[in-house]
Every structure is written in structure tokens, then in C-alpha cells.
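Each chain gets a letter, A, B and so on, in the order its sequence line appears, and its residues count up from 1.
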Number of protein chains: 2
Amino acid sequence: MDARAEILAVAMRAFAERGFDGASLQDIADRVGIRKASLLYHFESKDLLRLAVLEQLLLRWNDVLPRLLMVAAGGGPRIGSVMDELVQFFSADPNRARLLLREILDRPDDMRRLIGKHVAPWVKVVADYIREGQARGEMHATVDPEAYVQQVINMVVSGVATASSLAGALIDEPPVAAGKASRPAGRRRAPTTPSAASARAERSGKELLRIARESLFRERPTRATKTAR
Amino acid sequence: MDARAEILAVAMRAFAERGFDGASLQDIADRVGIRKASLLYHFESKDLLRLAVLEQLLLRWNDVLPRLLMVAAGGGPRIGSVMDELVQFFSADPNRARLLLREILDRPDDMRRLIGKHVAPWVKVVADYIREGQARGEMHATVDPEAYVQQVINMVVSGVATASSLAGALIDEPPVAAGKASRPAGRRRAPTTPSAASARAERSGKELLRIARESLFRERPTRATKTAR
DNA sequence: CCTACCGATCGGTAGG
DNA sequence: CCTACCGATCGGTAGG
């Protein structure tokens, strides 16, 4: 593999998991299998490495953006698809969410500029789409489009980034099947079986989508089966 | 002021703003106005200082908890008040939200335990309250109570922590009055006037409350005018 | 609470 | 891409 690409991948993980200050160049170099000085041959400084990691993340985001905007502005009446696209991007690699969140905490002013430049434009598009939906009476008139989109983005990014701690601690596994496997009665459960973690993530993700939907659309989005009245 | 209390306050700010690794004992000591060695006389190690800061945060939370649980479980039908209590706690000092978010990112396993111990119990209470509301037909039957509360907590904490970057970049100031002050036509606006920032925060916060409400209650929360059925 | 000091590690450079 | 090295800073200790 291209050395630069491998360094970027390793650095991405390191910055996302331990933070920019917590991750050392020595540590990144070790994981790549080169000397620290060699790493600094490819990236002139730690800060330039950080910027390259961010740039790479933006590039990947630009891959899914066109699809997202087509779904939003084009024919499809499914704003749910926009959400799906968003959720999938960050769920595909939770370190993307963690990295962004850390950058926002570490360098809020820089990130405000970056978000204003790379995110605000398509948020505007989605917000306009919502305004159309409001005009057609499909969406709640009380929705504040920009603020709504901001809250949804926040929910998705932060939700993915904090899922292991928040969902892991607050959500029990779903009942699954009644008493299938014999779980020893003593302790509550294993620290976290991967399957249990994903079950929690699913419950959490389903609720996220429900909240986003229910707070946007006026009626059940599924063909109304003569609700009450 | 008590030296320990002053150190805790300064350390809280430092850890929240720069992260545990990014904040140095030297820096904290300087801001307190003592020597680093003196700081380590009050707190045996940097890690114990971190734990003391976290403990202090939990103590303050325990101050508002009883009020919150009374509102939720007691007579008041206002789950909105629970939200208000939550929002107010973190808005009163955004560093509380930043610190918690950083700890979740830095030590997810530790925080999962801490949340399971100190947060899960009252989440259960609120979730039970929601189940009652569902049984009475006041709240959507599709709500997953635990997952809902988790998402709302996530929204509030992350929302407060990232407000300056996310809301700051995505939300324009509200129209306020039409063309009251003469804003020079050239640049878009000042980097961020404090009043503009708070206006954004208000729009963002209002929408957060709306989303939480609309996705929970079946009808307009105002007195049901003979609900359907 | 201070002065004085420690080994370890940090990001980064010189030179090949 | 490497070896060899740098000054600065880190958390922490000894001793008063």
C-alpha cells in the first residue's frame, strides 16, 4: 500500500481514539512500522498530518454528498434516505464521528469555519427542501429547518461517537427470544458481548430515526391506514 | 477561597477546554497561582485530580437530581420540565458537557461504568414514566423509552458542547427586526457577536425542545380536545 | 506550600 | 526511508 495512505489510516485511528494530544508520532510510526523521522519525511509536522487526516475525511464525505443531495432535492419524497446516508457514513467508521467531535472540542473556531464552508451549503439545500414540505403541508409548520438539520446532524455524529458508553450503559438488550440461551443467574451479563452491543446500537439507531421522522412529518409517513378520526 | 476548591475549578476548565492530555499541571498551577509541586500536594497525581473533578461534577448533578425525579414521577404531567432541568444544568456551564464528552471519548469503558451507576437509575425512572404515558395513550406507542431518553441526553449534552461550532456555522441569526441596525453591506457579519451567538443558541435550543416534545407526545401537548379514538 | 531536581517522552532536525 | 541527536516539556519526587 502507498505509504502515505497507510500513515493517514493509522493516524486517523490514533487521533480519533486518543485525541490529537494523546496520540504521539512515535506511536503512529510504530503501528505503521517505520521510524518517527520517516513519518516526518511524509508529513512535515504533526499538525500537517492532522490537516491531511481531516482533508481525507472531507474527501470521503464528498463521495456520498452528490447522492445525498439528489435524494433530498430531486424527486424522492424520502428525507429518510438523507438520514440513512448520513447515518451510514458515520456508522461505517465510528472514528469519523469521534475525530470530528474531538476537533470541534479542541479547535472550535477552526471547525466553525470548516463547517461553514463544507457543510452549511448542503444543509441549506436540505433546509429548503423542508420549507417546501412545509408549504405543501407535509411537514410541521413549527419546524425550524436549519436548526432541525443541525440537531439531526448533532444527534447522528454524537450518537455514533458516544454509542458504546451511552447506549451501552443505558439500553438493555432487547428481549430477543424468551429464555433461549441459559444465562448463569449470578452476574447480570458479560461486560459486553459484541452481539449485545450491536443490538443496543440498533435500538438506539431505530429510535434516532423515529425521533427525526416524527418531529418532522405531520402524519404517519407510511400510507395512512385510516388512523383515528 | 479554599485552595482545593480553586484548583478543582481551574482544572475543570482546563480539562474541558483542552482535554486531559492537552492540559498540563504546570498550566493549571500557573492559573491558580501556585507551584506545580504545591498542586501535587493537594492532589497526589494528575489522574486523581481528574477523578476529583469528575466527582465534583457528579455532586453538582446530585443537587438537581431530586428536583428532576420529583417532576418526572410525581404529579406534574410536564416531562418538558425534566428536559428544562437537564438543559439548564449543562447550559449553566457548558464545560460540564465538554468534560463529559471528552471523558466518553477518552475512556469509554470507565464512563460506561460510571453512567451505568449514576445515570441509568434515573433514566429508568423517566422511562417508566414514559411507559405510563404510553399506557394512557398520551405518548406515541412507538417510542422506545430507554432509547428515547438516551437520545435526548445525547442531544442535550452534545448540543451544548458543540453549539459554538455547529449552531454557529449552520444557523443564521433570526430576522430579529427587519432592517433595524445599519449593517455594513460588505462582509457577511462580525466573526461572532455574543448576542448573535446567543440568538443562535436560542433557535437551536428551541428546536431541540420541539423535537423532543413532538416525537414523544401523540397530540399537541396542550390539553387534549377529546383525543380521537 | 516552596526550591530543586529527575527520568521519560514529546515534536522535530541534521545528515546521509 | 534510516541513525543519531536536540531542546522543551511532561508528570512526579525529595526534602524542607
Side-chain angles (χ1 to χ4, degrees), chain A residues 1-57 95 98-99 102-111, chain B residues 1-57 95 98-99 102-111:
Chain A
M1 193 207 274
D2 180 11
R4 264 185 73 102
E6 196 180 346
I7 293 170
L8 278 176
V10 171
M12 163 78 159
R13 277 197 53 185
F15 290 157
E17 289 173 0
R18 319 191 199 199
F20 182 72
D21 288 309
S24 71
L25 292 182
Q26 187 63 65
D27 190 85
I28 294 170
D30 286 350
R31 282 166 200 263
V32 175
I34 59 177
R35 302 290 171 176
K36 189 178 53 166
S38 311
L39 200 163
L40 287 161
Y41 160 79
H42 290 287
F43 297 91
E44 282 183 43
S45 72
K46 194 188 185 186
D47 204 62
L48 286 175
L49 175 57
R50 177 181 66 82
L51 290 173
V53 167
L54 257 179
E55 194 185 352
Q56 185 202 224
L57 178 58
N95 282 335
R98 296 191 191 108
L99 186 87
R102 297 196 104 116
E103 286 295 308
I104 287 176
L105 290 169
D106 287 345
R107 278 163 283 276
D109 290 346
D110 290 3
M111 287 306 278
Chain B
M1 192 206 276
D2 179 10
R4 263 186 73 101
E6 196 181 346
I7 293 170
L8 278 176
V10 171
M12 163 78 159
R13 276 196 54 184
F15 290 156
E17 290 175 358
R18 318 192 199 195
F20 182 72
D21 289 309
S24 71
L25 293 182
Q26 187 64 64
D27 190 86
I28 295 169
D30 286 351
R31 282 166 201 263
V32 175
I34 59 177
R35 301 290 171 175
K36 189 178 53 165
S38 311
L39 200 163
L40 287 162
Y41 160 79
H42 290 287
F43 297 91
E44 283 183 41
S45 71
K46 194 188 184 187
D47 204 62
L48 286 176
L49 175 57
R50 177 181 66 81
L51 290 173
V53 168
L54 257 179
E55 193 184 353
Q56 185 202 224
L57 178 58
N95 281 336
R98 295 189 192 110
L99 186 87
R102 298 197 102 116
E103 285 295 308
I104 287 176
L105 290 169
D106 287 345
R107 278 162 285 276
D109 290 347
D110 290 4
M111 286 306 278

Checklist entry - Between B/Arg18 and A/Asp21, is there a salt bridge with N-O shorter than 4.0 Å? => result no
Checklist entry - If we call it a pair only when both distances are under 3.5 Å in a Watson-Crick or G-U wobble match, what pairs with C/dG11? => result D/dC6
Next on the checklist: Main chain of B/Phe20, side chain of B/Lys46: is a donor-acceptor contact present, judged purely on distance under 3.5 Å?
Outcome noted: yes
Next on the checklist: Output the rounded distance in Å from CG (A/Asp30) to P (C/dG11).
Outcome noted: 12 Å
Next on the checklist: Could you tell me how far apart A/Asp21 (CG) and C/dT9 (C1') are, to the nearest whole angstrom?
Outcome noted: 14 Å
Checklist entry - Counting any heavy atom closer than 4.0 Å, what does B/Leu40 reach on the DNA or RNA strands: base, sugar-phosphate only, or nothing? => result base
Checklist entry - Partner of D/dC1 by Watson-Crick or G-U wobble geometry, both contacts under 3.5 Å, or none? => result C/dG16
Item to check | Rounded distance in Å - CD1 (B/Ile28) to C1' (D/dG12) | outcome: 14 Å
Checklist entry - Please give, in whole Å, the distance from C/dG11 C1' to A/Phe15 CZ? => result 12 Å
Checklist entry - So do A/Asp30 and A/Asp27 actually touch side chain to side chain, heavy atoms under 4.5 Å? => result no
Checklist entry - In whole Å, what is the span from the CG atom of B/Asp27 to the P atom of D/dA8? => result 18 Å
Item to check | Selection from C/dC1, D/dC10, D/dG12 that lies nearest to any side-chain heavy atom of B/Gln26 | outcome: D/dC10
Checklist entry - Among D/dC1, C/dG12, C/dC1, which nucleotide sits nearest the side chain of B/Ala3? => result C/dC1
Next on the checklist: Is any side-chain heavy atom of B/Val32 closer than 4.5 Å to one of B/Leu39?
Outcome noted: no
Next on the checklist: With heavy-atom distances below 4.5 Å as the criterion, would you say the side chains of B/Asn95 and B/Arg98 are in contact?
Outcome noted: yes
Checklist entry - Taking the side chain of A/His42 as heavy atoms from C-beta outward, which of D/dA4, D/dC1, D/dG11 is closest to it? => result D/dC1
Checklist entry - Counting side-chain heavy atoms from CB outward, which of C/dT3, D/dG12, C/dG12 is closest to B/Ala37? => result C/dT3
Checklist entry - Which nucleotide in the list C/dA14, D/dA14, D/dC1 gets nearest to the side chain of A/Ile34? => result D/dC1
Checklist entry - Given atom CZ of B/Phe20 and atom P of D/dC10, what is their separation to the nearest angstrom? => result 13 Å
Next on the checklist: A quick test of your reading: do over 12 heavy atoms of other residues, nucleotides or ligands sit less than 6.0 Å from CZ of B/Arg107?
Outcome noted: yes
Item to check | Residue A/Leu25, side-chain heavy atoms: nucleotide from C/dG12, D/dT3, C/dT3 that is nearest | outcome: C/dG12
Checklist entry - When all nucleic acid strands are considered with a 4.0 Å heavy-atom cut-off, which category describes B/Ala23: base, sugar-phosphate, or nothing? => result sugar-phosphate
Item to check | Selected nucleotide, minimal atom distance to A/Tyr41 side chain, candidates D/dC1, C/dG12, C/dA4 | outcome: D/dC1
Checklist entry - Are any of A/Ser24's side-chain N or O atoms less than 4.0 Å away from OP1 or OP2 of C/dC10? => result yes
Checklist entry - In whole angstrom, what separates B/Leu49's CG from D/dC10's C1'? => result 15 Å
Item to check | Pairwise 5' ranking along DNA chain C for A/Glu44 and B/Lys36, keeping only the more 5' one | outcome: B/Lys36
Checklist outcome for this item: Atom CZ of A/Phe43 and atom C1' of C/dG12 are separated, to the nearest Å, by 16 Å
